[in-house]
Amino acid sequence: MANVLQTFKDRYLFEDMTSPDLEKLLDSPTTVYAGFDPTAESLQAGNFVTIMALAHLQRQGHKVIALVGGATGLIGDPSGKSKERNLLTSLTVERNLEGIKENLSRFLNFDPDSGNPAIMVNNYDWFKDLSFVDILRDVGRFFRMTQMLSKESVKKRLDSDEGMSFTEFCYQILQGYDFYHLYKEYGCRMQIGGTDQWGNITAGTDLVRKLAGVEVYGMTFPLVCDSNGNKFGKSEGNAVYLDADKTSYYDFYQFFMRTLDSDTVRYLKIFTFLSDERIDELAKCVESEPERREAQKVLAEELTRCVHGEKGFNIALKATEVLFGGSLEGLGAEDLEKIFSNVPSGTLNCDEVIGKPAFEVIAAAKMTNSKGDARRLVQQGGLSINNVKAAGLERKISTDDLIENRLMVLRSGKKKFFLLKVEG
RNA sequence: GGUAGGGUACCGAAGUGGCCAAACGGGGCAGACUGUAAAUCUGCUGUCUUCGACUUCCUUGGUUCGAAUCCAAGCCCUACCA
């Protein structure tokens, strides 16, 4: 079995580890865990790195545990956050768990009949019965104040104007205890996470050493940023979700399609299982014919297929063809509805649309946040109706603008679509 | 608990009685250019019935012809001390 650590190093998935002995440990099947925040009912592109790391581990025969922070999510991890988070209700967390498992199953094999199924656990299950006194007595005394205070996530926050509450400060105790619990229950010996998790991971390895007298390991991978230094996984300020209801097939595909040349090869290594040879080939394409964006296409295809299946990929592809082909000529309302099925949409009554100025219509349909926004968009020539520019405040909507008398494809800027359905 | 400082738009940050819908920077949105790039340049960025009107500067009251600015109480944050 090839050592997975080498794969991580080759694929930009390795930053640091708690001890070089980890390499030896990984020569034989090991149980590994990574945590996910149940802040939303769907995972985001930002979670891809963790998912891919787990997937590599599972593929190489290791046992993987996806821990969902039902309890810790109620607290909020201060790492990398400048502000205390809004607390989640346990009901929300409960609901989010299901969605997350569904997302993960696209990458990890949870099938109990397979030889090596991944498992999913919720740390609320073991925290809910522990009392404050239990934790202080059994766990808290193994945490030393100077160590806790010296963690980067704590220091940063204490130095900021925001400060930090006791609740958040205790987060590392909970995450540390997770590791101990998983060690006891499943023999888990390794935790992985982004570099921002280093402090939390070492809290766990330290605790297990003290409580069980056993060496367990942690490994971190770099946080993915694009070449401009922006955090990976945001599009137009919104997170890219794995859930098609939150991010359409088309938007998902497009997000990867728009990857910068300088990031594409790196992303291929991180986010796909393509062979090194294939990636080298694509790297040459980026070099010699960047305008064809061959590598971006492959990246987008691989991920869309994996997350949304063949069906989702085809819809994304078709939408792309149509939308960048220019005209909507020859497409019926039904085709368009299918293509734009997860694009934001609004429904208005016929008499709210026909004969009204375009800016009023898009404001009424809630395509923009306010009428002022709508006005600006139209004035600046940012609005297209059925892929034809529609500038000027005096531009009115007529029946000719409706496709089959019931549909209008609106677009602001180059890439933000909105489907307006007209009734009556 | 004490002392000092502070809470301004998405964020950072000016403004300390009228010239304030509130400088400046970042972010965001849109336009030009382009490869559905990047970089650059330009416009916009509280709401509306947009030459004008209206609602805002933590909350609630007050002073004043007039308050983001002054006063009082409250809530929250930070630093030092206990």
Side-chain angles (χ1 to χ4, degrees), chain A residues 78 80-86 149 154-169 225-231 234-240 248-267 282 285-301 304 316-327 339 343-344 356-364 366-385 387-395 410-418:
Chain A
K81 308 278 186 325
S82 56
K83 277 188 184 169
E84 178 143 358
R85 295 199 322 204
N86 297 327
L149 287 168
V154 175
K155 250 199 303 197
K156 245 206 207 124
R157 280 288 291 279
L158 288 177
D159 287 344
S160 79
D161 291 346
E162 284 286 331
M164 184 182 217
S165 72
F166 178 69
T167 305
E168 283 185 290
F169 178 61
C225 292
D226 69 20
S227 303
N228 297 335
N230 299 315
K231 221 170 162 186
K234 299 264 159 138
S235 162
E236 327 268 312
N238 299 315
V240 174
S248 71
Y249 301 135
Y250 169 75
D251 284 334
F252 186 89
Y253 180 81
Q254 283 294 319
F255 171 74
F256 290 99
M257 196 66 174
R258 287 187 207 113
T259 304
L260 301 176
D261 294 350
S262 49
D263 294 321
T264 308
V265 173
R266 187 163 51 101
Y267 284 7
L282 291 166
C285 278
V286 176
E287 194 74 25
S288 57
E289 303 175 282
E291 70 281 0
R292 285 185 55 213
R293 288 163 39 274
E294 198 58 39
Q296 279 93 335
K297 276 184 203 161
V298 174
L299 176 69
E301 175 179 343
T304 310
L317 204 59
K318 188 152 181 222
T320 300
E321 270 168 31
V322 168
L323 300 174
F324 289 96
S327 162
I339 289 171
V343 154
K356 302 278 185 202
F359 78 91
E360 280 187 17
V361 173
I362 63 174
K366 299 244 157 39
M367 177 176 169
T368 54
N369 288 328
S370 68
K371 202 168 267 190
D373 261 355
R375 196 181 290 266
R376 276 189 288 278
L377 186 67
V378 173
Q379 262 169 348
Q380 294 177 136
L383 178 74
S384 303
I385 298 173
N387 265 10
V388 179
K389 276 221 169 134
L393 286 182
E394 69 288 350
R395 173 68 158 93
L410 301 169
R411 185 177 49 150
S412 87
K414 284 178 188 146
K415 31 200 159 172
K416 260 184 7 211
F417 286 90
F418 187 92

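First the proteins, then the strands, lettered A, B, ... as listed; each starts at 1.
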What integer number of Å spans the P atoms of B/G17 and B/G27? 34 Å
Quick check on B/U34: is either OP1 or OP2 less than 4.0 Å from any side-chain nitrogen or oxygen of A/Lys414? no
Spacing of the P atoms in B/C44 and B/A38 (rounded, Å): 23 Å
Determine whether the aromatic ring centres of A/Phe252 and A/Phe256 lie less than 6.0 Å apart. yes
Please examine the side chains of A/Asp226 and A/Tyr267, heavy atoms only from C-beta on, and report whether any two atoms are closer than 4.5 Å. yes
Hunt down the Watson-Crick or G-U wobble partner of B/C51, both distances under 3.5 Å, from any strand shown, or write none. none
Student check: side-chain heavy atoms of A/Asp261 and A/Gln296 closer than 4.5 Å: yes
Distance between the C1' atoms of B/U8 and B/G25, in whole angstroms? 15 Å
Quick one: are A/Thr320 and A/Tyr249 in side-chain contact, heavy atoms under 4.5 Å? no
Whole-Å gap separating P (B/U36) and CG (A/Asn387): 14 Å
With a 4.5 Å limit on heavy-atom distance, are the side chains of A/Val378 and A/Ile362 in contact? yes
If we take the C1' atom in both B/C24 and B/A9, what is their distance in whole Å? 14 Å
Tell me the partner of B/A22, counting only Watson-Crick (N1-N3 plus N6-O4 or O6-N4) or G-U wobble (N1-O2 and O6-N3) with both under 3.5 Å; none if nothing fits. none
Should A/Phe359 and A/Leu377 count as side-chain neighbours, where that means a heavy-atom distance under 4.5 Å? no
Are A/Gln254 and A/Lys415 packed together at the side-chain level, in the sense that at least one heavy-atom pair is separated by less than 4.5 angstrom? no
Using the C1' atom as the point on both nucleotides, what is the distance between B/U56 and B/C10, in whole Å? 16 Å
Given B/G31, B/A38, B/G35, identify the nucleotide with an atom nearest to the side chain of A/Lys389. B/G31
Across all strands shown, which nucleotide pairs with B/C57 by Watson-Crick or G-U wobble geometry, both distances under 3.5 Å? none
B/C80 pairs with which nucleotide, Watson-Crick or G-U wobble, both distances below 3.5 Å? B/G2
Counting primed atoms plus P, OP1 and OP2 as sugar-phosphate and everything else as base, spell out the protein contacts along nucleotides 44-57 of chain B at 4.0 Å heavy-atom distance: B, S or - for each nucleotide, 5' to 3'. SS-SSSB-------
Mate of B/G28 across any strand shown (Watson-Crick or G-U wobble, both atom pairs under 3.5 Å) is B/C44
Can you tell me the Watson-Crick or wobble partner of B/U16, both distances under 3.5 angstrom? none
If the P atom of B/G74 is compared with that of B/C19, how far apart are they to the nearest Å? 32 Å
Nearest whole Å is fine: how far is B/A37 P from A/Leu299 CG? 17 Å
Inter-nucleotide C1' distance (B/C76, B/U59), Å rounded: 11 Å
Residues at least two apart in sequence or cross-chain that pass side chain to side chain donor-acceptor pair (under 3.5 Å) with A/Arg293, listed by chain then number, are none
Need one value for A/Ser262: base, sugar-phosphate or nothing, where a base atom within 4.0 Å counts as base even if backbone is also close, heavy atoms only. nothing
If I take atom CG in residue A/Leu158 and atom C1' in nucleotide B/C77, what distance separates them, rounded to the nearest angstrom? 14 Å
Without decimals, in angstroms, what is the distance between A/Arg258 CZ and B/U36 P? 12 Å
Interatomic distance, A/Lys416 NZ vs B/G31 C1' [rounded to whole Å]: 14 Å
Judged by each residue's nearest nucleotide on RNA chain B, which is more toward the 5′ side, A/Arg293 or A/Gly413? A/Gly413
G-U wobble or Watson-Crick pairing nucleotide for B/C70 (cut-off 3.5 Å, both distances): B/G62
Please measure how far the P atom in B/G46 lies from the corresponding atom in B/A23, and state the result in whole Å. 9 Å
Spacing of A/Glu291 atom CD relative to B/A38 atom P, expressed in whole Å: 16 Å
Taking C-beta and beyond as the side chain, do A/Arg376 and A/Thr368 meet within less than 4.5 Å on heavy atoms? no
What about A/Gln254, does its side chain sit under 3.5 Å from the base of B/U36 through a donor-acceptor pair? yes
Distance in angstrom units between A/Lys297 NZ and B/A37 P, rounded: 14 Å
A/Phe417 CZ to B/U36 P: how many Å, rounded? 14 Å
